[in-house]
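Here's the structure, in structure tokens; my notes come after.
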Protein chains: 2
Amino acid sequence: MRKRNRALVIAAARQSGQPSRTEIAKLTGLSHSTISAIASGLIEEGTMREVGQGDAVPLRRGRPQVALSLNPDAASVVCLYLSFNSLSVALVDYRGETIAIRKHRIPTLEMTRDELLDATIAAVRDLAQGQRGFLRIACAVQGITDSAERELLWSPITPLSALPFGPALEDAFGVPSPVQNDCNMMAVALRWLNPERYSDNFIAILLSHGIGMGLMLNGKMFSGTRSSAGEFGHMVHEPGGALCRCGRRGCIEAYAGNYAIWRRASGKGPDEKPVVDIEAGEMEKLAELARREEGPARQAFREAGRAMGYGLGNLFALIDPAPVAIVGQGTAAFDILEPEIRCALAETAGGQHAEAISFETLPSATPLILHGAAMTALTGLDRDVFAPGLRTSRQAEPSPKERSAQFSRMA
Amino acid sequence: MRKRNRALVIAAARQSGQPSRTEIAKLTGLSHSTISAIASGLIEEGTMREVGQGDAVPLRRGRPQVALSLNPDAASVVCLYLSFNSLSVALVDYRGETIAIRKHRIPTLEMTRDELLDATIAAVRDLAQGQRGFLRIACAVQGITDSAERELLWSPITPLSALPFGPALEDAFGVPSPVQNDCNMMAVALRWLNPERYSDNFIAILLSHGIGMGLMLNGKMFSGTRSSAGEFGHMVHEPGGALCRCGRRGCIEAYAGNYAIWRRASGKGPDEKPVVDIEAGEMEKLAELARREEGPARQAFREAGRAMGYGLGNLFALIDPAPVAIVGQGTAAFDILEPEIRCALAETAGGQHAEAISFETLPSATPLILHGAAMTALTGLDRDVFAPGLRTSRQAEPSPKERSAQFSRMA
DNA sequence: TTCTTTTTTTCGAGGCTCGAAAAAATGGGC
DNA sequence: GCCCATTTTTTCGAGCCTCGAAAAAAAGAA
């Protein structure tokens, strides 16, 4: 009970930055006395800090509020993002501020299993050198991860499969190191950055060489039952259709991924093997061409939009319209895609209110993904370290407790 | 806190029928003292009852366990199921045992708004006449309901829309009367009947004239954000394809619903307007024909299976394989459909482990739906009446509490 | 009849939250 | 410059709740 409320207070502080005790009381709905007790506990153990007047000096009568803040030195975490030819790492303090950030270019496609694992370990070691010990690593990766958040099951960035980043990092640094899908991290970040718009149900789509998606349902990240990642890009748009990077046919990605648009715009057939990478500039040129005149480029974007529109329609048929965030390099051409998307959407069951569906575009994905990973790591830390005992889901518990959980879910 | 544990105890009792205090303690994970206190409270207020030795007389030493049971007279609820030309009502006691059940044949397609509402009211009145007052009505309907569970937004059983069954029943009987999708009720029932197989993530598909689906995700019924009902049947299988009952084209239902199979098997074109109803015997004849020889009937079932397979594949691409229950008249031909479904599934991203996906068929839907509605009503009763104060989601609360909820979701 | 065993109840300790009241810290007005 | 009004924060006691230990109850076994 206390644990839950501690967690509540920490979450409130993390969200609002420098709240006073009174603000926390309002935010959490707990009484002033309770907040006072919890806050003094947190301060005493060094999790929180009083930081004087905060920013705004209120010119009101009465005892001034004293701003609280999570103690940046209470802990730090490392977050990293592994994508095609790129590895980003960041060190983040307990408040969520980035202390250091670094980006490495590595040839992921050609690297062996051990080279990939060692590269991530080296990147973390390099970043954290001389820093006080961090307590957790959050690893965001492009591709499908397992639901235990231990390894990368499959990824377009490497021909290898089942890469155990989680155990490797845990062995190297001795701290919990969950591995999660990059698009899920995007969704987590969006929720922190704009809780008004992105609250309990929304969709984050990453548009670049391939297509990924993160789904927030009922206020929780939805990761499937076994593996993670809603494979929106690999829903079938046309049974038996264009060749996809995944080897199957007719996937949405095989129409709307960069490689697909490029393939179509270059007049190549839908059976042509997808190319590995396309420069952002190249895509921009295609978009420019499509904006200027009728032709294969415009047609390519049209088909891309159509595939996405039907896919979204199918998604909405299942889960109902919700705010959509479109993230990544592909947003640069979203002005061309959007009319086609809406047009296809309107033809589907999910698109009944197609015009009401709201898209937001965010061009840069990496900062978002790192931020999501950081928040995931920090809330994990809160759960495990600063307010333990709450929801120890994966702990080996005696069956009574599990049963209890089952009943509480039913009730 | 007490409220939560009371709810836990009630849920445990409802699930296991006649548990002793010791069993409840095991099941809920609470201590014996707590159970003792809660149980005596529940018994005193008449919610629970001691029922002596229960069924099995244990031939062990020691003080014998005394079996508890929910008091059947503590309350009763009415559940009803409105489907094409049919209205079923049942009166259920607080234990969940059916006291009375009745089925009416009504021409839903031709009835006016008021006739439909009055028919449901009359059916409830007729059933409950002379019985002690019931405390809740649960209304399962074929079609799309709103997320507030007030009305039937759209349904294949009537050309009318936005039928306010909830308010109408509440006005007539003065008790809460949520309206929910029939397939969701199926899913709820499956979870009660077979929690081993149907636990936190599974899919219930109703196969008959049309196609419906209920989705259990993360242990909760997933109903979209605005309306309810995962419209699996109206996901697009072939963009611009066969004409569907809903007026759109290419929906899964337009290939796999009874009317679609019948249309294809009779050699009619995919643009032919769907017929309103087909006798079960007629469908059985078609299935027989398809089993016997190559021809349009077999081809029709093939295409039906293919549409379902791709649809399931797309679904699994998003939410990962989970147990599937296939319910309703259409299961009679599932032996013909299954190979095709698996074959199409294997071509999709969601079908990577197609052979591992498990289907269970249950021919009769109505009892399942009524049972689900009954359980929904009873757990609603538990929440509102027998353990109030827990999660009063829709109550007008001061914003602090809502905020609090927001934070707790983030943490 | 007495002993064992098992279930259920009782009792007291320890936590937790909350409301009310007190204490602290400031601006405003004279 | 002093006192009052106002607002925030802390303190204190009441009231719940859960739990463990011990006691009581209710059988079978010897």
Side-chain angles (χ1 to χ4, degrees), chain A residues 1-9 12-13 16 18-44 48-54 56-69 387-390 397-398 400-401 404 408, chain B residues 1-9 12-13 16 18-44 48-54 56-69 387-390 397-398 400-401 404 408:
Chain A
M1 180 87 296
R2 193 46 167 286
K3 304 298 170 52
R4 173 194 241 93
N5 288 340
R6 276 172 64 100
L8 224 51
V9 169
S16 67
Q18 300 205 326
S20 69
R21 288 172 178 79
T22 312
E23 282 178 76
I24 297 179
K26 255 206 191 82
L27 246 43
T28 59
L30 299 172
S31 75
H32 287 194
S33 4
T34 305
I35 299 300
S36 187
I38 292 176
S40 61
L42 289 172
I43 289 170
E44 189 174 4
M48 257 189 169
R49 264 188 183 175
E50 298 198 338
V51 290
Q53 304 292 91
V57 180
L59 289 162
R60 288 180 307 177
R61 276 227 262 210
R63 179 172 174 172
Q65 306 192 350
V66 19
L68 300 175
S69 150
L390 184 69
E397 276 190 284
K401 292 276 175 179
S404 128
S408 65
Chain B
M1 181 87 295
R2 190 47 165 286
K3 304 298 170 54
R4 173 195 238 92
N5 288 341
R6 275 172 66 100
L8 223 52
V9 170
S16 67
Q18 300 205 325
S20 70
R21 289 173 177 77
T22 312
E23 281 178 75
I24 295 179
K26 254 207 192 83
L27 247 42
T28 60
L30 300 172
S31 75
H32 286 193
S33 4
T34 305
I35 299 299
S36 188
I38 291 175
S40 60
L42 290 172
I43 289 170
E44 190 174 2
M48 255 189 170
R49 266 187 182 174
E50 299 199 335
V51 291
Q53 304 292 89
V57 181
L59 289 163
R60 289 180 306 178
R61 275 230 263 213
R63 178 172 175 173
Q65 305 191 349
V66 20
L68 299 175
S69 150
L390 183 69
E397 276 192 284
K401 293 273 175 178
S404 127
S408 66

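First the proteins, then the strands, lettered A, B, ... as listed; each starts at 1.
At whole-Å resolution of the value, CD1 in B:I35 and C1' in C:dT9 are 13 Å apart. In this structure, B:H32 places its NE2 atom 15 Å from C1' of D:dA22, rounding to the nearest Å. Per the geometry, CD1 belonging to B:I38 stands 15 Å off C1' belonging to C:dT8, to the nearest Å. At whole-Å resolution of the value, CD in B:E50 and C1' in D:dA26 are 13 Å apart. We find that CZ of B:R6 is positioned 14 Å from C1' of D:dC16, with the value rounded to whole Å. Rounded to whole Å, the distance from CD1 on B:I24 to C1' on C:dT7 is 13 Å. B:Q65 places its CD atom 15 Å from the C1' atom of D:dG28, with the value rounded to the nearest Å. Rounded to a whole Å, the CZ atom of A:R4 is 16 Å from the C1' atom of C:dG15.
The side chain of B:L30 has D:dC19 as its nearest neighbour among D:dC19, C:dG27, C:dT17. Of the listed nucleotides (D:dT8, D:dA25, D:dT11), D:dA25 has the atom at the smallest distance from the side chain of B:R63. For A:S36, counting side-chain heavy atoms from C-beta on, the closest listed nucleotide (D:dA27, D:dT9, C:dT8) is D:dT9. Distances were taken from every side-chain heavy atom of B:R61 (C-beta onward) to each of C:dT4, C:dT17, D:dT9; the shortest belongs to C:dT4. Candidate nucleotides D:dA27, C:dT8, C:dC18 were compared by shortest atom distance to the side chain of B:V66, and C:dT8 ranks first.
For the atom pair CG (B:L8) and CZ (B:R6), the distance works out to 12.5 Å, reported to the nearest 0.5 Å. Here A:T22 contributes atom OG1 and A:H32 contributes atom NE2; the two are 5.0 Å apart, rounded to the nearest 0.5 Å. One finds the CD1 atom of B:I24 at 10.5 Å from the OG atom of B:S36 (value rounded to the nearest 0.5 Å). To the nearest 0.5 Å, atoms CZ (A:R21) and CD (A:E50) are separated by 4.5 Å.
Where A:R21 and B:T34 meet DNA chain D, the nucleotide closest to each residue was compared, and A:R21 sits on the side nearer the 5' end. Comparing B:S40 and A:A37 against DNA chain C, the residue whose closest nucleotide sits nearer the 5' end is B:S40.
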Could you walk me through whether A:I43 and A:L68 pass the side-chain contact (heavy atoms from CB on, under 4.5 Å) check? CA-CA 9 Å; A:I43 289 170; A:L68 300 175; 4.0 Å; yes
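Between the side chain of A:S33 and the base of C:dG19, a donor-acceptor pair under 3.5 Å is found.
For the pair B:R2 and D:dT18, the criterion of a side-chain N or O lying under 4.0 Å from OP1 or OP2 is met. Under 4.0 angstrom from either OP1 or OP2 of D:dT18 there lies at least one side-chain N or O belonging to B:N5.
As judged by a 4.0 angstrom heavy-atom cut-off over every strand, A:T22 is placed among residues touching the sugar-phosphate backbone only.
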